[in-house]
Structures are given as structure tokens and as C-alpha cells.
Asks: 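Input: one structure, supplied below.
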Amino acid sequence: MKQFTSINDVQNIEQLILLSEKVKKNPFGYKSFGENKTLGLLFFNPSLRTRLSTHKAALNLGMNVMIMNLNNDGWSIELEDGTIMNEGTQEHIKEAAGVISQYCDVIGIRTFASLTNKQEDYKEEIINKFINYATVPVISLESATLHPLQSFADLITINENKTNNKPKVVLTWAPHPKALPQAVANSFVEWLKKANVELVVTNPKGFNLSTQFTKGVNVIHNQSDALKNADFVYAKNWSSYVNYGKIGSEFNDWTITKEKMDLTNNGKFMHCLPVRRNVVVSDEIIDSKNSLVLEQAKNRTYAAQAVLLKILQDEK
Ligand code: SN0
């Protein structure tokens, strides 16, 4: 694997899942692959789980890790070619990516959507330019439109917790006070479409994800209908794709509550975190025995470790 920015970079998903199971059973058994290798983690946005789980994954593999918060600590980066750089930006992405490639064997990048320019966000300008100018593999730590390490961990968690061969998995939109990216939802759909599940997406009208992801997926606008007999309920807010960046405060009754979970087949609750309690989900549900949020976060380490290990193995 030369890069990991979406499920499309994975040649064999079953094999990667098997690798995650192996590293989960024996996290320190693969140190020879990471010895004397350095992972660089670059953040344009905040992070808790992604930062710590990917760091831990690298340490488990015997790698060294360097972390940089580019917005606070770095120069401001120029993306355009041919610009006369006599204004705000100080360093071109060409040099930044080229230099960091000399210090690191693998580079991870977090770069959220702007939510102001749909075309630019969906072109994935920042991560693609980094890939273009870097000379080492690049992995996404959540880009403008996708969060593949999260979705891979979510798939591992669903596989571990399913009680029937083809569980019903419902991705439901939930309320939020701020405009959030579509990345987690897009990516979840992309990964779960390839799994043996009955996938349903439910969201208010005006909040459909891009058909680039939901083509062929059952999208229902009535949340209660969608939740019926669900084995897994994955809640996530995303701002509108059509009215790009719009929040949707008129749908505050989409919170996941006990009444809603009672419609499911003793469904398990999932969320990528961080979560706004009693906005996205009631305390009662996130604190219940059916909540998988901590298991999801735990599996972030093994998802990241499998991805890093595959990259290191392929480089050898
Ligand atoms: C990010 C998102 O893409 O939705 C990261 C999730 C892994 N979430 C947030 O930015 C939440 C911020 C908030 O204000 O609650």
C-alpha cells in the first residue's frame, strides 16, 4: 500500500481486517518492521483519538513519531503554483512536503473541510498536493471528505459485535450546533457498502450525502422507519452537502434517545467521538451497555497499526 486516503487504496480489505485482528492479538509482535522508521503526524485541525491512537500504533510497531500542529507552530502554507508569495503565506507546499519526506518514512495528515467551498473541499486539494510533492507514503488522518482510519475501526467494531451474519446498520444524521464535515459519514458509507451488512442511511431532507457515496444505498428521510430492527445505530452530524455547510437547527428532534433505540433490535449505539451529549445522543444511551463508543476508540489503534504495518511491509 503506497498511500491510505480512502478504501480505494486498499487492495484486499479482508486481508487488512485479518492483519488488524493479528496486531490486536499481538500488538508488539511486529517491531522489526518499524525499527528505525519515523512517522510524522501533521495536524491542521484538533485531534484526540486520531492523534493518540496513531501515535500508539506506531510505538507498538517500534517506530519513532514526530508530531506537528501546522496551524499553530508552522509557517502558513501556500498551495497555488506560480503565486507571487508577497502576502500572507510563507512556505510553499512543495518545499514543506519535500522537506518532511526527508525526515519521515510515512506522513499522516489531518486537514478538515473548509465547508465554504464545496468544489475545493471535494477536490481534496491539500492532501492531494501533499501526496504529489511527498516522496514517502501519506495516510489520511481525516481529510476534507473522508476519514478512512475511523471507518476501518468502525468496521472492525461491527464485525466483533455482530450477532447475525448480515446485521442491519443504520447511519443516522443527528443534530449539532456547529457545521461539521461530511467526512466521517462519507467514509462510513464507503466502507460499509463493501461489508456484508444491510446498510441504511437516514437524514432530513436537504441533508443527503453526495451520491458519489450513497449511489445504490437505501436513504430514508423518516428516522423512526429507518431505525426499525437496526442492529447498529451509528449517529453522526454532518452539515448539508447540497446547501453546502448549512447546519439544520430545525431538526433538533433527531437526537438519539431511548424511545428511538427501543425501535431497534436491541441495537448497539456507535459514534466516532467527540460527541455533544444530549444533542447528538442522550446520556442514557451513550452510557448504556449497548454503547460501543469506547470499543470504537480502542480499535482506532489496531486499524492504524494494520495500515502502518501494511505500508511498512510493502516498502520492505
Ligand atoms: C470532526 C468531524 O469531522 O465531524 C471530527 C470527528 C472525528 N468533529 C468535530 O469537529 C466536532 C467538533 C464539535 O464542535 O463538536
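Each ligand, and each atom within it, is numbered from 1 in the order the structure gives. Quick note: numbers below take in every heavy atom, side chains included, and nothing from hydrogens, waters or symmetry partners.
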Asks: Evaluate the side-chain proximity of T202 to N222: yes if any heavy-atom separation is below 4.5 Å, no if none is.
Replies: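 Counting from C-beta outward, N222 and T202 never come under 4.5 Å.
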Asks: Which of the atoms in ligand 1, numbered in the order shown and given with their element, are less than 4.0 Å from a heavy-atom of H176?
Replies: 13 (C), 14 (O), 15 (O)
Asks: Could you list the atoms of ligand 1 found under 4.0 angstrom from a heavy atom of L273?
Replies: 7 (C)
Asks: How far is atom 6 (C) of ligand 1 from its nearest protein heavy atom, and which residue and atom is that?
Replies: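 Result for atom 6 (C) of ligand 1: E142 OE1, 3.7 Å.
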Asks: Looking only at protein heavy atoms, which one is nearest to atom 9 (C) of ligand 1, and how far off is it?
Replies: L180 CD2, 3.7 Å
Asks: Walk me through it: do F232 and K162 pass the test side-chain contact (heavy atoms from CB on, under 4.5 Å)?
Replies: CA-CA 8 Å; F232 294 89; K162 67 182 179 191; 4.1 Å; yes
Asks: So, 4.0 Å and heavy atoms of P181: is ligand 1 close enough to count as a contact?
Replies: yes
Asks: Please list, chain by chain and in numerical order, all residues satisfying side chain to side chain contact (heavy atoms under 4.5 Å, CB included) with S47, sequence neighbours excluded.
Replies: F43, T50, R51, R110
Asks: What is the minimum heavy-atom distance between S151 and V184, and which atoms define it?
Replies: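 That closest heavy-atom pairing would be OG-O, 4.4 Å.
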Asks: Would K236 count as being in polar contact with ligand 1, using the rule that some N or O on each side must be under 3.5 angstrom apart?
Replies: yes
Asks: To check your reading of the model: name the closest protein heavy atom to atom 1 (C) of ligand 1, its residue, and the distance in Å.
Replies: F112 CZ, 4.0 Å
Asks: From Q296 CD over to I156 CD1, what is the distance, rounded to the nearest 0.5 angstrom?
Replies: 11.0 Å
Asks: Listed by chain and number, what are the side chain to side chain contact (heavy atoms under 4.5 Å, CB included) partners of I127, not counting sequence neighbours?
Replies: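 In terms of side chain to side chain contact (heavy atoms under 4.5 Å, CB included), with neighbours along the sequence ignored, I127 is linked to T5, T111, E124, I131, V138, S140, S143.
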Asks: Classify the contact between R276 and ligand 1 as side chain, backbone, both or neither, using a heavy-atom distance cut-off of under 4.0 Å.
Replies: side chain
Asks: With a 3.5 Å cut-off and no angle check, do the side chains of Y122 and Q182 form a donor-acceptor pair?
Replies: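 Side-chain D/A pair, Y122 to Q182: present.
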Asks: Is the shortest N/O to N/O distance between Q150 and ligand 1 below 3.5 Å?
Replies: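 Such a contact does not occur with ligand 1.
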